[in-house]
Amino acid sequence: SLDADTVSFSVSSWINNFSIGSGDLVYRCRSFSLLGNYSLASNLVSTGTCLTIVSENVGIDLKGYNITGDVNSATDYGVYINGANFSNVTNGYIRNFTIGVYVFDAFNNTIKNLSISSSGNPGVNGNVTAIYSIGGNGNKIWYNNITSMNHTGGGKAIGIAIERSSRVNYIENNSIFYLNSSGTSNSYAIYSTVNNNTYRGNKIYGAVDYGYNFDSALRNVIEFGSVNNTRAYLINLSFSHNNTFREIELQNPGSGYNKVHITDSLLAEFVNMSFPSITFDDSSITSTAYKSWVVTVRNVTNSTNNVLSDVRIKVSDNESVTHRIEFTNGSGYLETIAPEAVNTSASYRNLTAVVQARKSGYLRNNTYLNMSANINVSFILNRDNLAPSITLVSVDAAATGNKTFGFIVDDDSDMTSCVLYVNSAETQTKSDGLSSEGRSNIYQVIGSSGTYSWKIGCSDVNGNQG
């Protein structure tokens, strides 16, 4: 079978039938300049770059076969996607290349279900990297298994590297473990110098120097998954601002290391996590970090299980954090974030909080939380049948004239009206501008000097009177 993209030949006689450009089956290392879907038909061995994609819309299914190199130069790649968009490389093994899959200035490609390993010495100026994206946007790096990346000559060993203008990429559900450099350089599970990428569900564990390493990388979202058993820090930030870490399991940094190392980096936020120990190591700016939690309030119902709308949600906590007061919609859902600034002298306590649901006509309901993980709460609000509590506050000192009678109502329901009684006689009724948890005033003209008694009576929306 002749499987090159272009085949030149001459025919002297017709003795046998030949298949020219079978295309979909790949028997050797080659370049792909025509779109199409291709599958490996056997294991491939290469002393340089094996598969190069230069056309858009190329799909290569390795079909469980191996691509094996010899790691003898800095430019040996297992698969090289060179400026080609909308291509896929899936389902196989890539071994012993300086870079397993190299995505260069390419967009919207998918690298999925690959097992990548490498051990060798491409020189101290060449890193051994499983997947390397430079200048690529919208790429998906999914469900890959990266292990035994070993640089024997002293350069870096890297699982996934995202660099130079690579934005809006999705690095998800990859497993990375055992990366090693035999020299003075370090190994990194995920290494990035760029902005606005999403890292989700990746599992990093065992025998790697650093888990996530961000250098001048801004506004990335790193969520779910885990980082366990590194030789140094689990997370390392340097000049990297506004990065959000959400619901990541962080365990067992290297001996003598805290879980997180932050250098000259602003607004690192840790969401729905037991707050990690942090080493701040600033040289030019004062780093800042925040811990926060998302509280999701679900199914705010009455006693007959009808969903209530316009429920007021209030969050208060043991660390004097200021929270937003929001309103649920008709389906009863709310998400609110509770941030707290942390500095080098902070004691890293888990946040405890009270979440309160209120709706006029119903008794308020509180739930108490230890906020060390994602929090979901539900409320049942029962009908308010209690009389309003009224406290008389003050009355003007002037003997006569238009006087202000101040009072405070404490009730779970809104007031429909309040009445001022002077010497037991009803003198004034107020039905607007009334507070159910603060001060209200009623104004009344007193025409002559004397001794007067006064009181306030109020009714709420359920007709309860106090």
Side-chain angles (χ1 to χ4, degrees), residues 127 129 149 151 155-163 171 176-181 183-195 197-199 202-292 339-350 372:
N127 301 321
T129 306
M149 300 295 297
H151 197 305
K156 298 174 183 175
I158 302 174
I160 299 173
I162 311 294
E163 297 193 80
I171 301 89
I176 306 172
F177 62 101
Y178 192 73
L179 280 69
N180 184 61
S181 173
T184 58
S185 296
N186 293 307
S187 61
Y188 305 89
I190 294 179
Y191 183 96
S192 178
T193 60
V194 290
N195 313 332
N197 294 293
T198 298
Y199 304 81
N202 300 295
K203 295 183 178 180
I204 300 166
Y205 51 99
V208 61
D209 292 324
Y210 295 92
Y212 286 97
N213 188 89
F214 289 162
D215 187 355
S216 302
L218 315 180
R219 297 181 299 278
N220 296 284
V221 175
I222 308 92
E223 58 186 8
F224 315 125
S226 58
V227 186
N228 296 326
N229 296 305
T230 58
R231 300 187 193 98
Y233 298 105
L234 303 172
I235 296 173
N236 187 42
L237 303 178
S238 179
F239 294 94
S240 296
H241 311 315
N242 297 95
N243 291 293
T244 299
F245 298 85
R246 182 191 303 269
E247 295 183 50
I248 304 172
E249 177 188 349
L250 299 178
Q251 293 185 350
N252 303 319
S255 178
Y257 290 88
N258 280 328
K259 292 182 178 180
V260 177
H261 183 230
I262 299 179
T263 303
D264 300 311
S265 300
L266 300 175
L267 299 173
E269 186 169 12
F270 298 87
V271 182
N272 287 0
M273 298 164 60
S274 295
F275 200 73
S277 56
I278 295 178
T279 296
F280 291 91
D281 189 16
D282 299 327
S283 60
S284 60
I285 62 175
T286 301
S287 296
T288 55
Y290 292 82
K291 59 179 177 178
S292 64
E340 182 202 10
V342 174
N343 55 48
T344 53
S345 63
S347 59
Y348 303 119
R349 296 180 294 170
N350 283 336
S372 60

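Among residue pairs with one or both ends in residues 184-193, none qualify as salt bridge (charged side-chain N to carboxylate O under 4.0 Å, His left out); sequence neighbours excluded. Listed by first and then second residue, the salt bridge (charged side-chain N to carboxylate O under 4.0 Å, His left out) pairs involving residues 214-232 are Arg200-Glu223, Asp209-Arg231, Glu223-Arg246 (not counting sequence neighbours).
Using a 30° and 60° split on the angle between ring planes, Tyr233 and Tyr257 fall in the perpendicular class, above 60°. Note: Phe214 and Tyr199 have tilted aromatic rings, judged against thresholds of 30 and 60 degrees for the angle between ring planes.
For Ser181 against Gly155, the heavy-atom pair with the smallest separation is OG-O, 2.6 Å. Scanning all heavy atoms of the two residues, the minimum distance from Thr244 to Val271 falls at CG2-CG2, 3.9 Å. Val194 and Ala217 make their closest contact through O-CB, 3.1 Å (heavy atoms, listed as atom of the first residue, atom of the second, distance). Across all non-hydrogen atoms, the minimal contact from Ala289 to Ile262 is CB-CD1, 4.1 Å. The two atoms that bring Lys156 and His151 nearest to each other are O-CD2, 3.5 Å, heavy atoms only. The minimum heavy-atom distance linking Ala232 with Thr230 is given by the pair O-OG1, 2.8 Å.
Looking at Asp264, its side chain does come within 3.5 Å of a backbone N or O of Ser284 through a donor-acceptor pair. Here the side chain of Ser216 pairs no donor or acceptor atom with the backbone of Ser240 at under 3.5 angstrom. Checked by atom type and distance alone, the side chain of Ser265 pairs as donor or acceptor with a backbone atom of Phe239 at under 3.5 Å.
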| Stepwise side chain to side chain contact (heavy atoms under 4.5 Å, CB included) test for Phe270 and Ile278 | CA-CA 11 Å; Phe270 298 87; Ile278 295 178; 4.2 Å; yes
| query | When you look at Asn236 and His261, which way does the side chain to side chain contact (heavy atoms under 4.5 Å, CB included) test go after all the steps? | reply | CA-CA 5 Å; Asn236 187 42; His261 183 230; 2.7 Å; yes
| query | Given Asn242 and Leu218, is the side chain to side chain contact (heavy atoms under 4.5 Å, CB included) satisfied, shown in steps? | reply | CA-CA 6 Å; Asn242 297 95; Leu218 315 180; 5.7 Å; no
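Atom CD1 of Ile158 is separated from atom OH of Tyr210 by 13.0 Å, given to the nearest 0.5 angstrom. A distance of 6.5 Å separates CG of Asp282 from OG1 of Thr263, quoted to the nearest 0.5 Å. Between the CD1 atom in Ile235 and the CG atom in Asn258 there is a gap of 12.0 Å [rounded to 0.5 Å]. Distance check: Asn228 CG to Ile204 CD1 gives 9.5 Å after rounding to the nearest 0.5 Å. One finds the CG atom of Asn197 at 10.0 Å from the CG atom of Asn243 (value rounded to the nearest 0.5 Å). From Ile222, atom CD1 reaches atom CD1 of Ile171 across 10.0 Å, with rounding to the nearest 0.5 Å.
Side-chain atoms of Ser187 and Val208, non-hydrogen and from C-beta on, do get closer than 4.5 Å to each other. Looking only at side-chain heavy atoms (C-beta outward), Asn202 and Ile176 stay at 4.5 Å or farther from each other. By the 4.5 Å heavy-atom criterion applied to side chains, Lys259 and Leu234 are counted as neighbours. Contact annotation: the side chain of Phe245 never approaches that of Val260 to less than 4.5 Å [non-hydrogen atoms, C-beta and beyond]. Proximity of Tyr191 to Glu163: side-chain heavy atoms (C-beta onward) are separated by under 4.5 Å at one or more points.
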Show every donor-acceptor pair shorter than 3.5 Å between a side-chain atom in residues 248-256 and any protein atom, with sequence neighbours excluded, or say none if there are none.
| unit_1 | atom_1 | unit_2 | atom_2 | d |
| --- | --- | --- | --- | --- |
| Glu249 | OE2 | Gln251 | NE2 | 3.1 |
| Asn252 | ND2 | Asn229 | OD1 | 3.3 |

